[in-house]
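Here the structure is laid out as structure tokens; the discussion comes afterwards.
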Amino acid sequence: MKRVGLLLLTLALLLSALPVALAGEEAPQEVKTFTLMAAVEADDPDWNDYWFFEYIEEELGIAFEITQVSAESYAEKQQLAFATGQLTDLLVGTISDSDVAMYGDQGLIIPLEDLINEENTPVIQAWFEIIDGYKAALTYPDGHIYDFRGFQIIDRELPTQRYWINAEWCEQAIGKLPETLDEYYEYLKYVKENDMDGDGDPNNEIPLAGRFTSFNSTKNSYYDALLPIMFGFGMTERTKEAVDGVVQYNPAQPVFKEFLKYMNKLYTEGLLDSAYFTQTDDQYKAKIASGVCGAFNDYAHWLNIADEAVWSQYSSNKPMTSEFNDTPMWGGRDLLLDRHFIITSQCEDPVTLLKLADFIMTDTYDGPNKEIFDERLEIIQGYEDIVMREVSGRLSQWRGAQLGSWDKHPDWGWEWAELEDEMGTYWAIDTVFPEDQYKNANEFWNAVMTPNCFPIPNVIIERQSTARENELTEQIATYNTPYLHVGWSSNIKLTAEEADEASLLEVDIEAYLDQMFGRFVTGEADIEGEFDSYVEGLNSRGLQRYLEIYQAAYDRWAQVK
């Protein structure tokens with residue numbers, strides 16, 4: 001804490017420094033102008049009207065000439081700019097890791113790692129020391145940091161999937177929430193054999209609802225119901241997972257055979273929805289809305305069920321175990337990177353732009369507030385799930401307080417409010433803004449407080465707007481977060497060559513996996529007799545080379561981490 005306090009004091013001196021005054025008069029601050037290309041949504045106001053840019057020009061002497069490109073055509077314009085060399089100093093729009101690596105290798109993006117230090121960027125340096133894996137997440141395979149990004153470590157958003165089970169039916173069936181996959185099977189079987197909703201029809205209940213599309217990370221369905229069961233077998237990722245530093249492919253592991261047997265049993269006994277492989281999202285959601293499902297996956301238990309009397313029956317439950325795995329584990333993500341801040345080779349003064357990035361990463365833009373920042377450090381180190389809180393008699397509303405705009409607009413922004421919805425009265429953060437001047441709260445934030453264009457880390461915000469959201473957060477904090485296990489970091493990066501080779505291999509491997517999974521679960525293929533040949537089929541499609549690529553990437557990431 002003392003060291004971070006010194007870092008912040010250094011930052012305060014940097015940001016408050018002014019040119020030497022002559023004859024007792026304060027000299028005007030020199031303004032440096034940079035160019036910026038940004039993706040703009042249709043409902044965004046003119047970026048030149050953002051109060052944020054006026055503020056940093058006054059405070060830091062940094063101004064921008066902004067090229068605004070529609071979000072729909074931004075990727076094309078960005079590629080053209082790199083191809084022709086007609087780049088702006090700063091890019092803040094979406095770009096893939098592979099493209100960043102490619103343009104960085106071509107010398108079109110400036111490496112930042114030697115410029116990130118306690119002199120130029122004391123706050124960023126502090127975040128590197130505080131947040132495990134943050135520096136590694138920004139580091140590319142060649143060892144350079146080309147793309148500075150913000151991050152999120154909000155506990156509620158780290159679990160990879162949300163799963164719901166009818167707690168009232170569980171109590172009736174097995175007397176508790178299931179703790180093992182055997183108990184889960186007994187519960188699902190009870191739901192099938194009994195008229196759980198009491199409508200007189202014992203056959204309309206769906207014990208386990210789900211919709212399978214693919215194991216592919218970019219194509220799989222959020223609703224496939226696989227992960228809570230895979231967790232019980234000790235697998236926390238659908239495909240690749242690092243176990244004790246070794247990258248393995250879960251669908252080729254011996255325990256995957258046992259998982260397939262379990263899924264086949266659910267399917268053949270009518271415990272898994274018979275339309276699991278064929279239904280659409282809309283058909284799946286309609287079944288959830290009917291309230292006849294014993295268990296399902298969705299963002300929230302209330303999202304597709306209108307009747308509170310029905311959705312309130314559902315709960316998550318802690319990760320299940322099995323004879324193959326006795327450790328409760330819930331798959332999760334480690335660090336979610338947010339936004340982009342890329343300094344191109346066009347820029348003649350990258351240090352000043354990095355100081356702007358450091359400024360953005362500070363808790364208070366109007367000068368470091370050590371009390372608030374120290375509180376933030378304690379929160380981050382404990383990974384606590386919090387809402388906005390009061391500090392020294394005022395709200396630590398980080399967007400408003402950061403920019404000093406809270407003093408300018410004391411009646412606008414976030415405030416604690418006693419609200420009411422169908423679940424009753426509750427306390428939450430409410431957004432207050434001049435509705436006669438702005439269409440929505442987001443437009444207000446962009447124009448008055450701070451835009452969403454820069455990589456601002458949402459590290460202490462767990463905003464709750466309704467009692468439902470509060471209840472959802474409590475469910476995740478109780479049943480998921482304590483058992484979080486990161487089997488694969490989403491921030492592990494491939495080189496451009498590795499990415500090309502891995503993607504080609506992945507097409508064949510995962511198409512074969514998806515096909516065989518369907519055949520095994522439905523009983524079309526014999527699990528006991530054909531599993532070994534199935535693994536051979538994965539290997540013949542390049543699985544070992546695929547694992548070699550990702551092992552090399554994992555080792556690079558782990559070395560920096």
Side-chain angles (χ1 to χ4, degrees), residues 33-54 56-57 62-112 138 140 145-152 216-219 281 336-348 350 353 356-357 360 438-458 490-491 493-496 499-500 503-504 507:
T33 301
F34 298 87
T35 54
L36 163 68
M37 183 167 75
V40 179
E41 299 291 344
D43 59 348
D44 281 349
D46 187 333
W47 277 41
N48 292 295
D49 295 335
Y50 281 156
W51 176 74
F52 176 81
F53 294 110
E54 178 185 342
I56 61 174
E57 182 172 346
I62 295 175
F64 282 103
E65 293 177 357
I66 306 171
T67 300
Q68 302 179 66
V69 179
S70 70
E72 292 78 9
S73 61
Y74 181 82
E76 179 183 351
K77 295 288 187 181
Q78 185 184 79
Q79 291 175 358
L80 181 62
F82 277 112
T84 61
Q86 301 298 309
L87 294 163
T88 54
D89 297 316
L90 181 65
L91 300 174
V92 295
T94 301
I95 185 171
S96 69
D97 286 346
S98 59
D99 279 350
V100 172
M102 177 179 66
Y103 295 134
D105 184 62
Q106 294 173 3
L108 298 175
I109 297 176
I110 293 177
L112 304 176
L138 297 177
Y140 281 80
I145 296 176
Y146 293 115
D147 182 6
F148 177 71
R149 304 184 66 180
F151 59 89
Q152 298 181 35
N216 185 288
S217 60
T218 60
K219 299 178 182 178
D281 271 4
L336 304 179
L337 296 182
D338 187 38
R339 316 292 168 78
H340 300 265
F341 192 99
I342 297 173
I343 303 176
T344 76
S345 57
Q346 175 71 25
C347 181
E348 297 179 354
L353 281 185
L356 170 61
I360 293 169
Y438 301 97
K439 292 183 294 185
N440 51 52
N442 187 59
E443 183 181 282
F444 159 69
W445 284 117
N446 287 342
V448 177
M449 297 298 182
T450 178
N452 289 323
C453 56
F454 288 106
I456 301 172
N458 297 319
S490 60
N491 299 310
K493 296 177 173 63
L494 302 178
T495 66
D500 288 342
S503 63
L504 287 175
V507 170

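Considering T35, I110, I343 in turn, T35 is the only one that fulfils the side chain to side chain contact (heavy atoms under 4.5 Å, CB included) rule with D89.
Judged as a side chain to side chain donor-acceptor pair (under 3.5 Å), and not counting sequence neighbours, the contacts of D97 are Y140. Legend: residues meeting salt bridge (charged side-chain N to carboxylate O under 4.0 Å, His left out) with D105, ordered by chain and number and at least two apart, are absent.
In terms of modelled atom types and a separation under 3.5 Å, the side chain of R149 and the main chain of H340 share no donor-acceptor contact. Here the side chain of Q68 pairs a donor or acceptor atom with the backbone of W47 at under 3.5 angstrom. Of the possible donor and acceptor atoms, one in the side chain of T344 sits under 3.5 Å from a partner among the backbone N and O of T88. In this structure, S98 contributes its side chain and A496 its backbone to no donor-acceptor pair below 3.5 Å. Checked by atom type and distance alone, the side chain of S73 never pairs as donor or acceptor with a backbone atom of E76 at under 3.5 Å.
Atom-to-atom distance recorded for L138:CG and F148:CZ is 7.0 Å, nearest 0.5 angstrom. Going from atom CG of L87 over to atom CG of L108 covers 6.0 Å, rounded to the nearest 0.5 Å. With values rounded to the nearest 0.5 angstrom, Q79 atom CD is found 6.5 Å from D99 atom CG. Note that the NZ atom of K77 and the CG atom of L91 stand 14.5 Å from one another [nearest 0.5 Å]. Note that CD1 of I62 and CG of L36 are 12.0 Å apart. Values are rounded to the nearest 0.5 Å. Here the OG1 atom belonging to T67 is positioned 11.0 Å from the CD atom belonging to Q86, to the nearest 0.5 angstrom.
Applying the ring-ring contact (aromatic ring centres under 6.0 Å, His included) test to pairs two or more places apart or on separate chains, those with a residue in residues 69-102 are F82-Y103.
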What's the verdict on side-chain contact (heavy atoms from CB on, under 4.5 Å) for L90 and F341, showing C-alpha distance, side-chain angles and the deciding distance? CA-CA 7 Å; L90 181 65; F341 192 99; 3.7 Å; yes
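Shown here is E348, whose CD atom has no more than 12 heavy atoms of other residues, nucleotides or ligands within 6.0 Å.
Residues F34 and L356 fail the side-chain proximity criterion, which asks for heavy atoms closer than 4.5 Å.
Contact between C347 and L353 at its shortest, heavy atoms only, is SG-CD1, 3.8 Å. When all heavy atoms of A71 and A39 are compared, the closest pair comes out as CA-CB, 4.1 Å. The two residues S345 and G107 come nearest to each other via the heavy atoms CB-O, 3.3 Å.
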